[in-house]
Amino acid sequence: MNDQYLDAFIRESEEAITELNNSLLDLESDPSNTEAMDSIFRTAHTLKGNFGAMGFDDAANLAHAMEDLLDEMRQGEMQVTPDLMDLVFAGVDQIEVIVGEIEEHGESQTETDEMVAELRAVLEEGAAAAGDGATDSGADPTGDAPEEVVDSVDIDAESVEDRVLRAEISVGDSDMLGVDAMLAVEAIEERFDLLDSTPDRADIEDGKFDGTFVLYLDAPDASTADAELGTTGKVDSFDVTDVTDEVTGAASAASAGDEPTDVAGDGSDPEQEHSVDEIKSVRVDVDQLDDLHGLVEQLVTSRIKLRRGVEQNNLDSTSETLNELDKITANLQNTVMDMRLIPLKKVVGKFPRLVRDLARDLDKDVEFTIEGEDIELDRTILTEISDPLMHILRNSVDHGIESPDEREAAGKPRTGHITLRASRERDHVIIEVEDDGAGLDVEGIRNKAIEKGVRSPEELDAMDDSSVYDLIFHPGFSTADEVTDTSGRGVGMDVVHDTVSQLDGSVNVDSEPGEGTTVSLRLPVTMAIVKVLFVKVGDEEYGVPIKNVDEITGTDAAKQVNGKEVIKHNDEIYPIVHLDDTFDIQGETANGDGMLVRIRESERQVALHCDSVDSQEEVVVKPLEGILSGTPGLSGTAVLGDGNIVHILDVVTL
C-alpha cells in the first residue's frame, strides 16, 4: 500500500476521531443539539467510507454499525442515555485502537465482531440493551482481553511451576477486615506460592477492598486449590479459576516483541487511554511553501556568487555576499519556524473526552471549557506539554472538583467548572488550567512538607502561601489521602515542573481555599534558535539570552546593603550574583572588577557579575538531558562555529 496514502488516511482518521469525540460530548450535554448530531453522523459516515476504501473491512463494519445506531438517534427512534453514550464512546475507542495499530503495523489485529454484535443488538432491542453490555465491550477496546482474567497482574510466566489459579476470596463481614485478610493470605501462602494479588497485598492487609480480593496462586490444579482453601481459616468463601493460558499467553506476546500490557478485563491502561501521540504532520500554507522555494533559489544564487568571489580572491564581493546570506538565512529561519507552529487544539482536542470519562468514573459533574485553542506553539513544545497538561487536568477533576453533594453543602453549584485557557504574551504563550473546586489546603501542604522532610518548620513559617503552593512540584510530594487510578501516586506535578523547565518555561500555582485553583504554564512560542550575549568568567564562556538583558554597566555603582552587594536602578534594588562563585570558577582572571549584566525585572531582579562582555550571536540551543537535566542556572548548551560548546544561563534559577 502506498505509504503516502496510508499516512494521509491515518492523519485524517485521527482528526475525525477527535471531532467525533467532541461532537458526542456536545450531544451528551444537550441531546437536542441537532448540529452536533449532524456532525457526528457525517464523521462516522466518513470513517466508514475511508476504512472501506483502504480495505480495512472489520473497521468499516464497526463504523457502519455505529453509523446505523447514530442514525436511529438522529431520527429520534432512540433516546440519548448515559449507557448508550458509553457504548458509542467504546466504539470510538476501538476505532482509535485500530487506527493506532494500522499506523504501527500497517494492519489491525483487533477483532470487531463482538462490538459490532453489541451495537446491532442495541439497534434491535432498544437503548435498554446498552446498559447490559456497554461496560464490558467499552472496557475491552482491543477485543483481546481474556474473559476470566479481570485484574491487572504482573506474573513471570517462566517462574510458574504448575498452573496459575485465580482465587477470588471473601473473609466475610468483620470489624477487623484487614487483620482477617492478612491471616488468610499468610495461611494460603504457607500452602501455595503467591504470584500476585488484586489489590496490592498492602491494601488487602489494610482492609482496602470491596467484599472480595483476588490472589494468583501457583498450584497443581483447581481441585487442589479448592481443597486447600476449603480448610483455610478466615476464608469465608472462594471461587477458583484456572487462568494459566491467559497469563502465559500475554507474557509470551510481550516477550515476542509486542508492547507489554496489563492483563486486564478492561483491556486498557488508565494512564495511556487518553494519551496524545507525537505530532507527526503539519499543514503548511501554500504561500509559505512559495516563500521557502524563493529563499532556496536565493541561497543557490548566493552560494554561486560566494564560490566565485573566493576563487577570484575578491574580498569585497565575498563580504557583500555574506551579508546577503545573513538576510536570507534570517528569513529562512523565520519561515521554517512559522511552518512548525501548530494550533493548541491539535493537543487539547482530546481533553474534553478525558475530563468526561474521569468525571463519570468519579461520579462528579464537571463542565469543561477550552479558550484560545487557536493559539499556536512550536511542534516540539506542543508535543512535550501534552502529558503535563493531562496531569494537571487529572488533578483538577480528582482532587480539585468536589462531589456534587459536597459542593451543594458548601453553597456551590453541583456542577464543577474547569477551564483551559491559552493566551499570547509577546514571544510566550500562557496556558492556564482553572477550576472552581476546593482549592489547595495550605496547612495540609505545610504538614506534608514537614512529614516528608521537604522543608523545616522554621522555613515554612517564613514562606507565604504562594511559596507553599509551589511545594507540590517537589518529587513524590502529594497530599492525597488515598491513591486513585486517576491521579496516580503523587508523581505527576514534579513531571509538570521538570518538563516545563526543560522547555525554558515556568509554572505557577495560585489557589483560594474553597474557591478553586489555577495552574499557569508560561512557555516560549518557539525554541532552539536564541540570540545570546556572551560573557567571560575566568577561562569559561557563558551565553545570556538577549531577551533577558536590560543593561550592561561597570561595577562602580555596586554598594553594600546589609552585608550584600547590590546595585540600584529606578529606586529598585538588584542583588549581584557573582558567576565565578555560582559555578566555582577559580583563578586570577576571575577576580577582576569585571562588568555587570542587569537582568530585566520581569524575569528576575538581579545583576550578573562577570569578567567581561563579548559579542552577541544567534545560536542553536539544545536542552540539557539525562542527569544534567534541571541543573539550576543552566537552560542548555550551544555549539559555536568553531566547535566549542557554551552553556546558556537560566537567569531565573541562578
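Numbers here are sequence positions counted from 1.
Arg424 has no carboxylate O lying under 4.0 Å from a charged side-chain N of Glu376, or vice versa, which leaves the two without a salt bridge. Under a 4.0 Å N-O distance rule, the pair Arg421/Glu434 qualifies as a salt bridge. Using a 4.0 Å cut-off between charged side-chain N and carboxylate O, Glu324 and Lys305 make a salt bridge. In this structure, Arg446 pairs ionically with Asp465, as a charged nitrogen and a carboxylate oxygen lie closer than 4.0 Å.
Heavy atoms of other residues, nucleotides or ligands lying less than 6.0 angstrom from CG of Asn313 number 12 at most. Sparse packing is recorded around CD of Glu320, with 12 or fewer heavy atoms of other residues, nucleotides or ligands lying under 6.0 Å away. The 12-atom threshold is not exceeded at CZ of Arg308, counting heavy atoms of other residues, nucleotides or ligands nearer than 6.0 Å. Sparse packing is recorded around CZ of Arg307, with 12 or fewer heavy atoms of other residues, nucleotides or ligands lying under 6.0 Å away.
Between Ile381 and Pro524, the shortest heavy-atom distance links the atoms CD1-O, 3.0 Å. Closest approach of Val310 to Thr318, counting heavy atoms only: N-OG1, 3.8 Å.
Between the Asp611 side chain and the Met595 main chain, no donor and acceptor come within less than 3.5 Å of each other. In this structure, Lys350 contributes its side chain and Thr18 its backbone to no donor-acceptor pair below 3.5 Å. Remark: the backbone N or O of Glu572 is not paired with any side-chain donor or acceptor of Asn570 at under 3.5 angstrom. At distances below 3.5 Å, not a single donor-acceptor pair connects side-chain atoms of Asp398 with backbone N or O atoms of Arg394. The main-chain N or O of Ala202 is never found under 3.5 Å from a side-chain atom of Asp200 such that the two would form a donor-acceptor pair. In this structure a side-chain-to-backbone donor-acceptor pair under 3.5 Å is missing from Glu103 to Gly100. Under the 3.5 Å distance criterion, the side-chain polar atoms of Ser317 are left unmatched by any main-chain donor or acceptor of Asn314. With hydrogens and angles ignored, the 3.5 Å screen pairs a side-chain donor or acceptor of Ser511 with a backbone N or O of Gly516. Judged by distance alone, the side chain of Asp614 and the main-chain N or O of Phe534 form no donor-acceptor pair under 3.5 Å. A distance-only check finds no donor-acceptor pair linking the side chain of Lys568 to the backbone of Lys559 [under 3.5 Å].
Residues Val509 and Leu440 have side chains in contact (heavy-atom distance under 4.5 Å, counting atoms from C-beta outward). No side-chain heavy atom of Ile430 sits under 4.5 Å from any side-chain heavy atom of Leu521. Two residues are said to be in side-chain contact when any heavy atoms from C-beta on lie closer than 4.5 Å; Ile552 and Leu596 fail this criterion. Within the 4.5 Å cutoff, the side chain of Phe368 has no heavy atoms near those of the Thr419 side chain. Two residues are said to be in side-chain contact when any heavy atoms from C-beta on lie closer than 4.5 Å; Ser466 and Asp510 fail this criterion. By the 4.5 Å heavy-atom criterion applied to side chains, Ile375 and Ser423 are not counted as neighbours. Side-chain contact between Ile370 and Pro352: present, with at least one pair of heavy atoms (C-beta onward) separated by less than 4.5 Å.
The salt bridge (Lys or Arg N to Asp or Glu O under 4.0 Å) check on Asp374 picks up Lys345, with sequence neighbours excluded.
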Practice prompt. Test Val577 against Thr582 for side-chain contact (heavy atoms from CB on, under 4.5 Å), laying out the working first.
Written response: CA-CA 8 Å; Val577 175; Thr582 301; 3.5 Å; yes

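Between atom CD of residue Glu512 and atom CG of residue Asp436 there is a gap of 13.0 Å, rounded to the nearest 0.5 Å. Between the CD atom of Glu384 and the CG atom of Asp378 there is a distance of 10.5 Å, given to the nearest 0.5 Å. Note: Glu297 CD to Ser302 OG = 12.0 Å, rounded to the nearest 0.5 Å. The distance from atom OG of Ser467 to atom CZ of Arg455, rounded to the nearest 0.5 Å, is 9.0 Å.
For the 3.5 Å distance criterion, the side chains of Glu565 and Gln560 fail to qualify, holding no donor opposite an acceptor. Neither side chain, Asp316 nor Ser319, offers a donor N or O lying under 3.5 Å from an acceptor on the other.
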Please tabulate, one pair per line, all N/O donor-acceptor pairs under 3.5 Å involving side-chain atoms of residues 646-654, not counting sequence neighbours.
unit_1: Asp650; atom_1: OD1; unit_2: Val652; atom_2: N; d: 3.3
unit_1: Asp650; atom_1: OD2; unit_2: Thr653; atom_2: OG1; d: 3.0
unit_1: Thr653; atom_1: OG1; unit_2: Gly633; atom_2: N; d: 2.7

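Taking the ring centre of Tyr574 as origin, the terminal cationic atom of Arg598 falls inside the region bounded by 6.0 Å and 45° from the ring axis.
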